[in-house]
K.L.:
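This structure is in structure tokens; I'll ask about it shortly.
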2 protein chains.
Amino acid sequence: MTRKRDTHRRRAGNATLSDVAAAAGVSTATVSRCLNAPQLVQQATRARVEDAVNRLSYAPNFGARALAVRQTDTVGAIVPTLDNAIFARGLQSFQEELGKAGVTLLVASSLYKADLENAQVRTLVARGADALLLIGYDREPAVHEFLNRRNVPHLVAWAHDPDRAVPSVGFDNRAAMRGLAARVLALGHRRFGLITAQRIGNDRARGRWLGVLDVLREAGLDDSALTIHETTYSYENGRAGLRKILSAADPPTVVMCGNDVLAAGALQEAREMGLSVPRDLSITGFDDIEIAKITHPRLTTVRVPHREMGRRAARMLLSLRAEPEEPCSYRLDTSIRMRDSLSAPGAS
Amino acid sequence: MTRKRDTHRRRAGNATLSDVAAAAGVSTATVSRCLNAPQLVQQATRARVEDAVNRLSYAPNFGARALAVRQTDTVGAIVPTLDNAIFARGLQSFQEELGKAGVTLLVASSLYKADLENAQVRTLVARGADALLLIGYDREPAVHEFLNRRNVPHLVAWAHDPDRAVPSVGFDNRAAMRGLAARVLALGHRRFGLITAQRIGNDRARGRWLGVLDVLREAGLDDSALTIHETTYSYENGRAGLRKILSAADPPTVVMCGNDVLAAGALQEAREMGLSVPRDLSITGFDDIEIAKITHPRLTTVRVPHREMGRRAARMLLSLRAEPEEPCSYRLDTSIRMRDSLSAPGAS
DNA sequence: TTTCGTCCTGCAAGCGCTTACATCACGCTA
DNA sequence: TAGCGTGATGTAAGCGCTTGCAGGACGAAA
């Protein structure tokens with residue numbers, strides 16, 4: 001009944017280790033050693049095996065290997081979306097770093113939806129991700145508990161809060177925005193606008209918002225000094241957001257945006273409304289992606305080291321995977337890029 | 001000697017199917033059925049099993065499952081880099097579409113290096129990718145032969161050439177650029193510049209270049225009518241490229257760029273050189289990513305349906321995976337976005 | 001009561017690979 | 001010549017899961 005094996009549902013022609021062994025006239029153990037520890041097998045044998053491997057287009061079955069050695073050399077990442085250049089960029093360097101270590105990357109995007117992310121965590125773990133990269137803190141604690149129980153090292157990126165138990169490599173969104181808002185305030189602005197992403201379920205957005213609030217309150221300003229427009233990250237929404245905010249009774253003299261894409265949209269809209277930035281209105285961004293240098297005027301924004309974040313996250317995850325030492329967090333520094341879209345409140 | 005099993009290298013506390021079975025007082029077969037075909041098991045039993053699953057934080061071992069069912073529900077994608085928004089964007093919709101089908105995405109980026117891509121193909125196949133997405137045609141034929149022998153359905157995206165054997169979902173880069181170049185010519189330009197990515201190993205870049213050449217030759221112009229600057233895709237390189245091209249003896253009146261990022265850089269550099277675009281110099285892009293609308297003047301470019309490409313590629317791969325029908329290619333249409341960076345050659 | 005279906009559930013044989021351990025051949029040394 | 005160490009190879013027991021087949025329980029029909 002070996003026939004069954006051949007006709008079953010086996011994909012035709014995918015050679016297995018034992019096919020190679022047969023073709024080379026050696027045992028499967030020897031073939032396996034040729035592949036994983038060539039120095040243990042004699043030159044001549046090795047040559048025969050390699051020949052057979054090529055003739056049969058053999059490629060090891062990963063699942064079987066993972067099963068046998070209990071390690072998958074795979075790590076997973078769940079990001080909100082690759083459409084946002086910051087995540088694409090961070091993931092790129094994350095992947096490069098993993099690749100150097102021979103580790104493969106499994107990607108999922110949650111589209112900012114908690115339940116989707118939830119399911120993806122389980123999927124990636126089931127798929128054997130040795131470790132996991134997540135974005136931000138906002139999720140049910142059960143997720144982290146699950147990962148802990150399963151002994152899957154994991155890390156939060158793009159956010160950093162020393163008070164949180166979950167290890168992270170990121171920056172303090174609130175402090176970063178506070179820094180920028182302080183500069184804005186110092187320039188004399190007293191009426192602020194903020195175009196932000198949805199804050200519930202997104203601690204980064206929330207942190208940035210709170211950063212602005214911190215500054216306003218510290219300056220003794222009333223909360224009404226801040227006009228908020230909540231939307232989704234996109235160029236078009238930046239435009240719409242600006243229009244909305246400026247339609248208020250006593251419009252702000254500065255509109256701070258949750259990211260650069262939103263800010264680019266706002267800038268464009270301002271221009272089309274006939275406003276001169278920064279004379280009539282100041283606008284700020286966040287992230288310092290490429291477009292911040294392309295807009296006119298160029299965008300004053302917060303620089304975030306996305307690439308380094310990805311790289312460092314990879315390294316931490318890799319070492320956590322190797323030796324389950326006490327995970328520690330890492331805080332990256334942000335800085336302010338003063339360019340041309342922010343100045344003292346204008347003609348007024 | 002069961003002890004050995006426990007102390008071996010097994011990650012502590014990762015429950016297996018049989019742990020669950022023991023906890024629930026049933027056989028592994030029943031647990032397996034609970035998970036994969038719940039309708040086959042009685043309500044009461046199912047409840048017991050589910051309870052045990054939760055108590056133990058059980059998650060199935062993917063490798064083992066893959067081994068048993070011979071399918072991984074995983075597809076791989078190898079892109080040059082996620083730093084380029086077009087790939088990030090395409091991959092995003094690719095992943096979304098896969099996710100709907102319960103399929104997970106494995107990502108690798110080749111950084112435009114053939115040997116790296118080569119290795120990644122083998123890695124992803126070994127990891128059990130049921131299907132593979134590749135970018136462009138330029139690679140050793142051996143790669144496709146390997147995939148064919150291994151019965152891994154695969155697709156080329158971002159390019160389309162009906163004469164090629166490898167199925168693709170993409171567009172004709174040469175024809176697209178030809179269309180744009182024809183418009184440029186019609187406006188009266190006779191001296192062209194081209195800032196392009198490295199053409200060897202990159203059929204998309206080569207196609208775009210040839211598109212320009214087609215038009216010039218057809219118009220009876222000498223090849224010297226085209227000044228070429230070859231570089232790597234990036235904003236900074238766009239700037240440097242423009243400067244280089246304009247330093248020629250008889251500089252072009254239009255500079256066509258291989259993509260929008262390059263064009264954005266060129267535009268900026270032109271501005272800083274004191275040139276007015278398009279009066280003194282016309283500039284065009286390719287891709288129509290977001291920044292094309294942000295530059296000043298806004299960029300005239302070729303619109304490419306990146307998202308649809310990703311989505312469609314996913315669907316094709318998924319169906320190829322299910323039933324190995326004869327793979328067929330799909331050609332997407334591009335169009336020209338006339339905006340403000342192109343006009344008749346200026347003051348002259 | 002016997003005899004069948006019908007459902008559920010369990011048994012056990014793999015899936016392809018790694019690796020501890022056994023085996024064997026060979027060349028030395030005593 | 002016996003004995004031993006060494007290095008190359010083979011043997012076979014898993015890794016955790018699925019699934020064809022067999023068995024058992026139970027109710028209905030004969």
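Each chain gets a letter, A, B and so on, in the order the sequences are listed, and its residues count up from 1.
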K.L.:
Calculate, to the nearest 0.5 Å, the distance between atoms CZ and CG belonging to Arg307(B) and Asp83(A) respectively.
P.N.:
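Output value for this atom pair is 4.0 Å.
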
K.L.:
Let me know the distance between CZ of Arg70(B) and C1' of dG20(D), rounded to the nearest Å.
P.N.:
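It works out to 14 Å between those atoms.
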
K.L.:
Rounded to whole angstrom units, what separation is found between the CD atom of Gln71(B) and the C1' atom of dG16(C)?
P.N.:
17 Å

K.L.:
In whole Å, what is the span from the CG atom of Leu67(A) to the P atom of dA13(D)?
P.N.:
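Result: 17 Å.
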
K.L.:
Hey, are Arg150(A) and Ser57(B) close enough side-chain-wise for a donor-acceptor pair under 3.5 Å?
P.N.:
no

K.L.:
Quick one: list whatever passes ring-ring contact (aromatic ring centres under 6.0 Å, His included) with His160(B), sequence neighbours left out.
P.N.:
none

K.L.:
To the nearest Å, how far apart are Arg150(A) CZ and dG16(D) C1'?
P.N.:
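So the CZ-C1' distance, Arg150(A) to dG16(D), works out to 11 Å.
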
K.L.:
Starting at atom CG of Asn36(B), determine the distance to atom C1' of dC17(D), rounded to an integer number of angstrom.
P.N.:
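Rounded to the whole Å, the gap is 9 Å.
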
K.L.:
State whether Asn61(B) places a side-chain N or O below 4.0 Å from either non-bridging phosphate oxygen (OP1 or OP2) of dC15(D).
P.N.:
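So the side chain of Asn61(B) is outside the cut-off, no N or O lying under 4.0 Å from OP1 or OP2 of dC15(D).
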
K.L.:
Would you say the side chains of Thr74(A) and Arg127(B) form a donor-acceptor pair under 3.5 Å?
P.N.:
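Thr74(A) vs Arg127(B): donor-acceptor pair found between side chains.
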
K.L.:
Using modelled atom types and a 3.5 Å cut-off, is there a donor and acceptor pairing between side-chain atoms of Asp130(B) and backbone atoms of Asp73(B)?
P.N.:
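Yes, the answer is positive, given that a donor and an acceptor are paired below the 3.5 Å cut-off.
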
K.L.:
Distance check needed: dT19(D) P versus Leu17(B) CG, whole Å only.
P.N.:
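Nearest whole value for this atom pair: 12 Å.
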
K.L.:
How many Å lie between CZ on Arg65(A) and C1' on dC15(D), as a whole number?
P.N.:
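These atoms are roughly 13 Å apart.
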
K.L.:
Roughly how bent is the helix from dT1(C)-dA30(D) to dA30(C)-dT1(D) end to end, in steps of 10 degrees, with each end axis from five pairs?
P.N.:
70°

K.L.:
Answer with base, sugar-phosphate or nothing: what part of the nucleic acid does Phe62(B) contact at a heavy-atom distance below 4.0 Å?
P.N.:
nothing

K.L.:
Is it true that Ser168(B) and Tyr137(B) share a donor-acceptor pair across their side chains at a distance under 3.5 Å?
P.N.:
yes

K.L.:
Would you say that Asp51(A) contacts Arg48(A) through its side chain, given a criterion of any heavy-atom pair below 4.5 Å between the two side chains?
P.N.:
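A side-chain contact is absent here, since even the closest heavy-atom pair is not under 4.5 Å.
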
K.L.:
Say whether Gln92(B) and Ser109(A), considering side chains only, have a donor N or O and an acceptor N or O under 3.5 Å apart.
P.N.:
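Per modelled atom types, Gln92(B) and Ser109(A) side chains form a pair under 3.5 Å.
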
K.L.:
For nucleotides 7-12 of chain C, print each protein N/O atom paired with a nucleotide N/O atom at under 3.5 Å, atom names and distance only.
P.N.:
residue, atom, partner, partner atom, Å
dT9(C), OP1, Gln42(B), OE1, 3.4
dT9(C), OP1, Thr45(B), OG1, 2.3
dT9(C), OP2, Gln42(B), N, 2.9
dG10(C), OP2, Ser27(B), N, 2.9
dG10(C), OP2, Ser27(B), OG, 3.1
dG10(C), OP2, Thr30(B), OG1, 2.5
dG10(C), N7, Arg33(B), NH2, 2.8
dG10(C), O6, Arg33(B), NH1, 3.3
dG10(C), O6, Arg33(B), NH2, 3.4

K.L.:
Any idea how Phe87(B) and Trp158(B) line up, ring-wise: parallel (<30°), tilted (30 to 60°), or perpendicular (>60°)?
P.N.:
perpendicular

K.L.:
In whole angstrom, give the distance that lies between atom CG of Asp19(A) and atom C1' of dC15(C).
P.N.:
13 Å

